[in-house]
Amino acid sequence: MTTFRTRFAPSPTGFLHIGGARTALFNWALTRKLGGTFLLRIEDTDLERSTRESEAAVLEGLEWLGIGWDEGPYRQSERAERHREVVEQLLARGAAYRCICSREELETRRAADIAAGGKGNYDGRCRDAALGPDCGPHTVRLRIDHERALRWDDLVFGPSGQEGSEIGDGILRRSDGTPLYHLAVVVDDVDMGITHIVRGADHHSNTPFQLAIYRALGAQIPTFAHVPLIVSASGRKLSKRRDPVSLQQFRADGYLPEAMLNWLARLGWSHGDQEIFSAAEIVEHFDLAHVGRSGAQADLAKLAWLNQHYIKARPPEALFSAAKPFLESVAGRAVVRDAALDRLLDLLRERSTQLVEMAEKARFVLVEEPEIEPDAANKHLRPAVLDALEKLAEALAGLDEWSTATIESAFEQACKAAGDLKLGKLAQPVRVAVTGTTASPGIYETVEVVGRERAVARLREAAQFIRERAANEAGPKTGGA
RNA sequence: GUCCCCAUCGUCUAGCGGUUAGGACGUCGGCCUUUCAAGCCGAUAACACGGGUUCGAUCCCCGUUGGGGACACCA
């Protein structure tokens, strides 16, 4: 039986990036589908930039998406001893050599080579110098066989690679004794028995050098699959500065994990015409053969659509638990779930693409006295509807039962009593009085969900507002400045 | 600059020699309507260009153009 082992190896130098999240998703889906082992390894070799917080953010992000790993998290930093050992072995075998060229020299020679029409690769000056451990400050370079091609069959890009003569003898170990990324990944992947490496296409051109390291190690070369990058609207690699890339930011904006997962899955991968995928369906259908080869732009409009789709699909309890923090943020207090709140969220599902938006739309219920938008008040709270508003407050106060149907009858009653006012004429003023805004769910439902006491009180306040304003306008003007 | 890669509607994509080039998001229009949505119906819109190969190219090959990635004692 062949083992199938994959890994996701993020460097914790920030928050979990959506590109990284997608790479993790692809690895995870593939491994779940094929029944292998998926492991997580934190590439924290760069101690300067790696922090414990961002490592935690990476794990949190994966957990939130529901991407679970079978082994790890391992930390590359914990394997430093092993990396040192491997470099020594390569040195002992002559597969690597010490190099005492200084950075300055290297830079000068490289520039000169390029000026002379060369490639700017390391010129191999120390390659045959047979420098020993006591040669002073030195790096260790891989002795690449420049006669031999470095090729592989990529599961996404197909036949890939280049001639050995195209690349220089790369550095494996710094002069301070620490290993470089290329050496560390290869050693770790070999030691951890990784059989399939699925990673971002930004590693595509790093692969030849890594292939050379596998050879030097005499290790079996895994299967590679490079996934095209997610690019920004400008078509370039996503930048933390300019683009929305942080998974936690999407989460904070009120995107649901199932929407993120679905969106990420369809960025670069497809399954016929299907657009909606549950996690289980992604696992069921995912395959590298249908991963495209060109970069995919992050389409936020589609994410919004997907998010609303999943907001609409969530059962009440699950919707509430996702929305709770957002609702509490608007309310400024703890919010508990009850029938009225479920009803409100139900009304808001069709009107929200993000949970922040949903919570904002719930404000008129969440706070005791929502502010009334001045423009809305000017336009809709006018003397012409004063009578109807008061009649409606009265009718609502007198209702035996509080339901959409009885509220509707109260509206009809109020309209009739106010001189056969048309229902449509009353709806907007009531909406403004009750919610403070001109947009809300159906007016009967809106009134219902806000509750009898508050609805009646707000209508009366609105009536009062109309009276006061009329009085001011009628009275002597105090000249404005 | 060198090497590598990519190229179907605005966007994500289906397509794997013969299709009216399909779907989705978006956009626009209509219906519905007490607002906003949602829903329904409809419309808009693409094979970058030039050579081959072939009876026939979106599809295969070459080139051009355009875009991207990698070229560190970063990961």
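In this text the structure is predicted, and so the values were computed from the model without any measurement. Letters go in sequence order (proteins before strands), and every chain restarts at 1.
Of all the residues in residues 433-452 of chain A, T438(A), A439(A), S440(A), P441(A), G442(A), I443(A), Y444(A) reach under 4.0 Å from RNA chain B with at least one non-hydrogen atom. Heavy-atom distances under 4.0 Å link RNA chain B to E350(A), R351(A) of residues 342-353 of chain A, given in residue order.
For I311(A) and G39(B), the CD1 to P distance is 13 Å, given to the nearest whole Å. Taking atom CD1 on I42(A) and atom P on A75(B), their separation rounds to 15 Å, with Å as the unit. When rounded to the nearest whole Å, the span between CG of N307(A) and C1' of A38(B) equals 15 Å. Look at CD on E107(A): it is 16 Å from P on C71(B), rounded to the nearest Å. The distance from atom CG of D169(A) to atom P of C73(B) is 13 Å, rounded to the nearest whole Å. Taking atom CG on D154(A) and atom C1' on C6(B), their separation rounds to 13 Å, with Å as the unit.
Side-chain to base pairing of S175(A) with C73(B): one donor and one acceptor N or O lie within less than 3.5 Å of each other.
The residue among S160(A) and T178(A) whose nearest nucleotide of RNA chain B lies closer to the 5′ end is S160(A). Of the two residues contacting RNA chain B, namely H203(A) and L229(A), the nearest-nucleotide position lying further toward the 5' end is that of L229(A).
Side-chain rings of W152(A) and F157(A) stay apart, their centers remaining 6.0 Å or farther from each other. Separation of the F209(A) and H182(A) ring centroids falls under the 6.0 Å cut-off.
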Identify all pairs in which a protein N or O lies below 3.5 Å from an N or O of nucleotides 10-14 of chain B, and state each distance.
residue, atom, partner, partner atom, Å
C12(B), OP1, Q297(A), N, 3.0
C12(B), O2', R266(A), O, 2.7
C12(B), O2, K302(A), NZ, 3.3
U13(B), OP1, G268(A), N, 2.6
U13(B), O3', S270(A), OG, 3.2
A14(B), OP1, S270(A), OG, 3.0

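Among the atoms of the strands shown, none is found under 4.0 Å from any heavy atom of G120(A). K237(A) comes within 4.0 angstrom of the backbone, heavy atoms only, and of no base. Among the atoms of the strands shown, none is found under 4.0 Å from any heavy atom of E163(A). If you check every strand for non-hydrogen atoms under 4.0 Å, C101(A) touches a base. Counting any heavy atom pair closer than 4.0 Å across all strands shown, H182(A) reaches a base atom. The residue K361(A) sits apart from the nucleic acid: no heavy atom pair falls under 4.0 Å. Looking at heavy-atom distances under 4.0 Å, I276(A) makes no contact with the nucleic acid at all. Backbone-only contact: S11(A) has heavy atoms under 4.0 Å from sugar-phosphate atoms and none from a base.
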Query raised in the report: H285(A) and H271(A): side chain to side chain donor-acceptor pair (under 3.5 Å), yes or no, with the steps?
Result: CA-CA 7 Å; H285(A) 299 297; H271(A) 179 65; 3.2 Å; yes

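Ion pairing between a basic and an acidic side chain is recognised when a charged N comes within 4.0 Å of a carboxylate O; D191(A) and R79(A) show such pairing. Under the 4.0 Å criterion applied to side-chain N and carboxylate O atoms, E43(A) and R41(A) are assigned as salt-bridge partners.
Distance noted for atom C1' between A46(B) and G10(B): 10 Å (whole Å).
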